[in-house]
Amino acid sequence: MDDMKRGRLAIPDFQRSFVWDPADTQKLLVSIIARYPAGTLLFWEQKTPQIRRRPFEGFDTELKESAALVLDGQQRLTSIFQALTGTGQQRFFVDLALLGSLDSNTPGLLDASRLDDVIVYRDLNARSLRRRPPATKAEEIKQELFPLSLIGSELIEEWLDVMEEALEGEDWKARRNQARQLVRRYLQPIGNYRFPVVELPEATPLDAVCRIFETINRTGVKLSVFELLAARFWPAGVDLRRDWERVQQKHPILGAFDVDAYYLLQAVSLRATAEKSKGGKASAQRSDVLELTPAGFERYWDEVAQGAARALTFLRDECGVLSPKWLPYSMILVPLAGVWHEVESKRSIENGSALKKIRRFFWCSIFSRNYDQGGNSQAGKDFTDLTSWLNDGKDIPEAVEGFIFAGEVLDTARTNLQALYKGIMALMLSGGARDFHTGSNLTPGKILEESVDAHHIFPKKYLEEVGDPGNSELILNRALIDKRTNQSIGKRAPSEYLATMESTLGEEEVRGILKSHLLPAEQKSPMRHDNYGAFLLSRKELVVKAIESVTSA
């Protein structure tokens, strides 16, 4: 971290920007607290710069000439730095109450599978106070949220001393002593966590460096729950790998969407734990997945695999998730795969009602960002509530009940808020988004064949040239545009490239294309007059209306 601040570590310019969302950082911090290996860092030694480089995200640091280049580890290092220094848009905390309850069972030996909810984060720009960081140390203490930004600083004791004031009238001394023990036992050692580092010599040819970089960003081997269960099931005559290959062949959409077998195992766990508890509790936690028996696996596996395939087909055909890239949360497949047998058990009219509920649940979950953290716990709760709701019970999933979308979040939402970003793109596709080049509806085939992706509406270089201070990376400044059209847009003003489109397709056709992407289409619109600020306001209104439409009863 010191080398990052002082310009002794840099990023090759061909590296992508920092793209991890807060949930990725949360998972990494869990691994670090559990003292699990979190991968190797790969550096390239430099005595003098050989290629273009840049500082880490968020730094305005003058780089040393001899700054080593990070070929593998940028996302991890940046996310750790932000979490442990309190920079970026999120603040990370440890839930001391939960950590204390885990520690009380086995002091000094935490079950890492239960740590997922110990790390929490709060967004500085969140509309809801509940999702924002506590405003003061006293508020942090009352909520029992210890800021990870204190790790390695001299301010930990100062934070603990505030307990006397914050917990007036309570047994603050005992609670302070417990907090101090937890911090010393589990949190302060974070500062001494070590990554293995491989350093390529400066003489390594650039071609070799590029090949190494491409390889490490394309492959990876890890010992997964799937592999552990495969080894455990084998003596009982259950070949998990064969069964996984079999359901992928039977349901090709699982392979097309690159579904992780672990999600299906989690859905099996939901069914098995719900059955065991007579519907009282369903769990997708790692520890419960690891406790699956061969008999429990065989009982639910095929039904769950079919449920995942049917759910994906529904999301593709009805919710605009035309390709894996635009699935906002892979984790949402877990409760859907687990509960889909309830959908298919309904008769004709009831089946339509059930699918309507599933559709509303999907959109409400996406736009409330309910799976941003605590996904395993959320999947268990949603499975239970969906099962009840689909059978006309009173338990409505929390994402659906009382859903309200705060449009203000779009004012600052960038593409690193992956679920929101993908959800809005899927929303446009579900409404019949049309190809900018031909005007025909976008389909999975067209998206693949014509390299359709989310590109800038107001080009970044155009905004830079006209000196517009607006953030070009906002989600509101993105639309699904084919590669050929995007290349023709280049750095041209919207008014200019729209005029070119109209000369080929006609004004009415272009208006229809713009409307299909939730873009202001009228002749007096700010997009046609190159007014970026007014365009953002206008598009926000269109997007919010579309969100309200799909999330309402």
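Everything numeric here is computed off the predicted structure, so don't read it as measured data.
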Taking atom types as modelled and ignoring hydrogens, do the side chains of [X] and [Y] form a donor-acceptor contact shorter than 3.5 angstrom?
X: E45; Y: S66; result: no
X: S377; Y: D117; result: yes
X: E398; Y: Q378; result: yes

K491/E464 ion pair, N-O < 4.0 Å: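 E464 and K491: not salt-bridged.
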Salt-bridge criterion met for K446 and D482 (N-O under 4.0 Å):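 Answer for the salt bridge query: no.
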H456 and Y462: CA distance, side-chain angles, deciding distance, ring-ring contact (aromatic ring centres under 6.0 Å, His included) verdict: CA-CA 10 Å; H456 297 89; Y462 165 76; over 10 Å; no
P22 backbone acceptor or donor facing Q90 side chain under 3.5 Å: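 Such a contact is absent between Q90 side chain and P22 backbone.
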Derivation and outcome, side-chain contact (heavy atoms from CB on, under 4.5 Å), residues R54 and S17: CA-CA 10 Å; R54 66 177 191 273; S17 299; 4.3 Å; yes
Residues in ring pair (Phe, Tyr, Trp, His ring centres under 6.0 Å) contact with Y329, at least two apart in sequence or another chain: Y371
Pairs satisfying salt bridge (Lys or Arg N to Asp or Glu O under 4.0 Å), at least one member in residues 138-152, at least two apart: E144-R175
Given F59, F56, W20, the one that forms ring pair (Phe, Tyr, Trp, His ring centres under 6.0 Å) with F81: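 Output: one option passes, namely F59.
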All pairs passing side-chain hydrogen bond (donor to acceptor under 3.5 Å, both in side chains) where residues 410-422 contributes a residue, at least two apart: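 For residues 410-422, and leaving out neighbouring residues, the side-chain hydrogen bond (donor to acceptor under 3.5 Å, both in side chains) pairs sorted by first residue read D411-K540.
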